Protein chains: 2
Amino acid sequence: MGRLPVKKPATASAKTPATALDRGVLPTLLGYMLRRAQSAVFVDFAATFQAAGAALTPGEFGLLILVARNTGLSQMALARALGIDRSTLVPILDRLQARSLLVRRRSPTDGRTHALELTSAGTKALARFAVLVRVHEKRIASRLSTAETQMLIDLLEKVRAGARSI
Amino acid sequence: MGRLPVKKPATASAKTPATALDRGVLPTLLGYMLRRAQSAVFVDFAATFQAAGAALTPGEFGLLILVARNTGLSQMALARALGIDRSTLVPILDRLQARSLLVRRRSPTDGRTHALELTSAGTKALARFAVLVRVHEKRIASRLSTAETQMLIDLLEKVRAGARSI
DNA sequence: CGAATTTGTTTGCTCCCCAAACAATCTCCG
DNA sequence: CGGAGATTGTTTGGGGAGCAAACAAATTCG
């Protein structure tokens with residue numbers, strides 16, 4: 001998805017009266033509503049970080065957390081945890097490594113694998129990022145009670161489990 | 001996102017005992033759980049269509065529904081409804097037009113715009129697609145009661161509304 | 001030891017997304 | 001009416017995400 005989707009001014013189109021199109025069955029579809037919510041959340045995430053002068057995607061945040069909590073992780077294990085191909089992971093790690101947030105250390109026990117770990121700068125940055133994520137989470141859940149938020153999380157997990165994985 | 005993410009055989013890795021990594025705070029984050037659910041739903045969507053010998057993405061389905069319910073729509077209006085840039089829409093429409101599902105007709109009233117409409121083949125195909133979507137929706141909601149599904153949809157809408165749109 | 005497997009990388013392909021520039025067209029104001 | 005400004009669709013350029021296939025290095029297993 002594009003990064004930092006900042007809305008353009010869009011001089012209040014006079015011609016199209018914003019008639020709000022007919023969306024048919026779409027608003028009754030779980031998949032559709034899920035996609036819309038996800039997209040809005042992504043935009044909010046980007047906006048939150050941009051406003052703080054930080055640059056990170058939700059995927060990168062998840063990756064950093066996984067590396068932080070599982071120091072020495074191999075790329076293969078990380079890719080599996082993220083549900084992506086190992087070849088997809090390579091340029092992502094390249095970028096984070098170029099930003100000095102993590103390093104690919106040689107594993108002493110297995111010469112094929114890399115032992116991933118955060119740099120100390122990476123650890124510090126992650127702490128900052130976590131604060132921003134908390135702000136972001138608070139906003140996207142702002143219209144929900146604590147109980148509703150928990151229920152939503154549980155329902156989402158049930159959806160994930162119900163979808164077939166192949 | 002990649003199309004038709006069919007899992008590979010993956011000869012039951014003996015080395016990594018699938019120890020289930022530590023995900024830290026991630027499972028408590030709405031954004032994270034939303035992303036995971038959305039990803040699983042996408043895979044299910046692709047698998048459902050692939051199994052039926054049809055090829056369509058959730059986005060294309062939404063687009064077709066919008067065009068069907070708002071015949072004569074301009075590309076600009078459609079892009080706005082989809083929340084994407086008008087330049088992004090061009091290759092998408094090219095593809096659907098190449099599949100003879102829709103046409104860009106010249107607008108009689110405004111020479112700048114195209115009036116989008118489904119072909120009769122497009123209308124027929126969409127009816128087939130809608131059946132597949134119903135199957136797909138049934139599966140992803142298979143672990144949820146009707147009330148839970150409705151509640152989930154409502155909660156997702158609240159999340160979308162709570163996220164800031166810039 | 002040698003064959004098979006695993007890991008990380010590279011290359012190639014597809015897709016999604018945006019921004020900027022451009023021609024055609026329409027609108028609106030003088 | 002006529003030209004300036006806005007709108008629309010397209011093209012081009014750039015970035016990211018994702019997979020598959022091929023490869024070298026390294027490990028494992030027969």
Side-chain angles (χ1 to χ4, degrees), chain A residues 1-17 35 38-39 42-43 46 50 55-60 62-63 73-80 82-98 104-116 166, chain B residues 1-16 35 38-39 42-43 46 50 55-60 62-63 73-80 82-98 104-116:
Chain A
M1 200 173 279
R3 197 183 282 250
L4 301 184
V6 178
K7 273 288 191 334
K8 48 199 124 62
T11 13
S13 77
K15 188 55 179 292
T16 312
R35 238 167 26 98
Q38 213 274 321
S39 169
F42 180 88
V43 171
Q50 189 195 24
L56 205 75
T57 63
E60 288 167 343
L63 187 156
L73 199 64
S74 74
Q75 295 186 196
M76 210 33 220
L78 179 55
R80 224 159 8 222
L82 293 173
I84 65 178
D85 195 89
R86 67 190 195 275
S87 64
T88 302
L89 189 54
V90 173
I92 299 174
L93 291 178
D94 287 347
R95 217 180 319 133
L96 293 173
Q97 190 160 18
R104 289 185 248 221
R105 213 173 284 291
R106 270 215 100 47
S107 164
T109 69
D110 188 337
R112 295 167 299 179
T113 71
H114 286 158
L116 300 173
I166 39 136
Chain B
M1 199 174 278
R3 196 184 282 250
L4 302 184
V6 179
K7 272 289 190 333
K8 48 203 122 73
T11 14
S13 78
K15 186 56 178 290
T16 312
R35 234 162 34 93
Q38 212 273 323
S39 169
F42 180 89
V43 170
Q50 189 195 24
L56 204 75
T57 64
E60 288 167 343
L63 188 156
L73 199 65
S74 74
Q75 294 184 198
M76 215 23 225
L78 179 55
R80 224 157 9 221
L82 293 172
I84 64 178
D85 195 89
R86 63 191 198 277
S87 63
T88 303
L89 189 55
V90 172
I92 300 175
L93 291 177
D94 288 347
R95 215 180 322 132
L96 294 172
Q97 191 161 16
R104 288 186 249 222
R105 212 173 285 290
R106 271 216 99 46
S107 164
T109 69
D110 188 338
R112 294 168 301 178
T113 72
H114 286 157
L116 299 173

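Side-chain atoms are counted along with the backbone in the values below, which use heavy atoms only and exclude waters and symmetry mates. Given the structure is predicted, the values throughout are model-derived calculations rather than measurements. Convention: sequence-line order gives letters A, B, ...; per-chain numbering from 1.
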Side chain of [X] only, heavy atoms from C-beta on: which candidate in [options] is closest?
X: T113(A); options: dC16(C), dG9(D), dT7(C); value: dT7(C)
X: D110(B); options: dA17(D), dC16(C), dC26(C); value: dC26(C)
X: I92(A); options: dT9(C), dG18(D), dT27(D); value: dG18(D)
X: D85(B); options: dT9(C), dT10(D), dC18(C); value: dC18(C)
X: R86(A); options: dA17(D), dT11(D), dA22(D); value: dA22(D)

Using only side-chain N and O atoms of [X], determine if any of them is under 4.0 Å from OP1 or OP2 of [N].
X: R95(B); N: dC16(C); answer: yes
X: Q75(B); N: dT7(D); answer: no
X: T88(A); N: dC19(D); answer: yes

Between dG9(D) and R112(B), counting only base atoms on the nucleotide and side-chain atoms on the residue, is there a donor-acceptor pair under 3.5 Å?
no

Given side chains that start at C-beta, do those of T88(A) and L82(A) come closer than 4.5 Å, heavy atoms only?
no

Between S87(A) and P108(A), which is nearer to the 5' end of DNA chain D once each is assigned its nearest nucleotide?
S87(A)

Would you mind telling me which residue lines up with the more 5' stretch of DNA chain D, R35(B) or V90(B), judged by nearest nucleotide?
V90(B)

At their closest point, which heavy atom of [X] faces which heavy atom of [Y], and how far apart are they?
X: R104(B); Y: V90(B); result: NH2-O, 3.9 Å
X: A77(A); Y: S74(A); result: N-OG, 3.1 Å
X: L89(B); Y: A79(B); result: CD2-N, 3.8 Å

In whole angstroms, how far is the [atom2] atom of [N] from the [atom1] atom of [X]?
X: L93(A); N: dT9(C); atom1: CG; atom2: C1'; result: 12 Å
X: L96(B); N: dC15(C); atom1: CG; atom2: C1'; result: 13 Å
X: L63(B); N: dC17(C); atom1: CG; atom2: P; result: 11 Å
X: I84(B); N: dG15(D); atom1: CD1; atom2: C1'; result: 17 Å
X: L89(B); N: dC15(C); atom1: CG; atom2: P; result: 15 Å
X: F42(A); N: dG15(D); atom1: CZ; atom2: P; result: 17 Å
X: L78(B); N: dT10(D); atom1: CG; atom2: P; result: 12 Å
X: D94(A); N: dG8(C); atom1: CG; atom2: P; result: 13 Å

Quick one: do Q75(B) and R86(B) satisfy side-chain contact (heavy atoms from CB on, under 4.5 Å)? Show the steps, please.
CA-CA 7 Å; Q75(B) 294 184 198; R86(B) 63 191 198 277; 5.9 Å; no

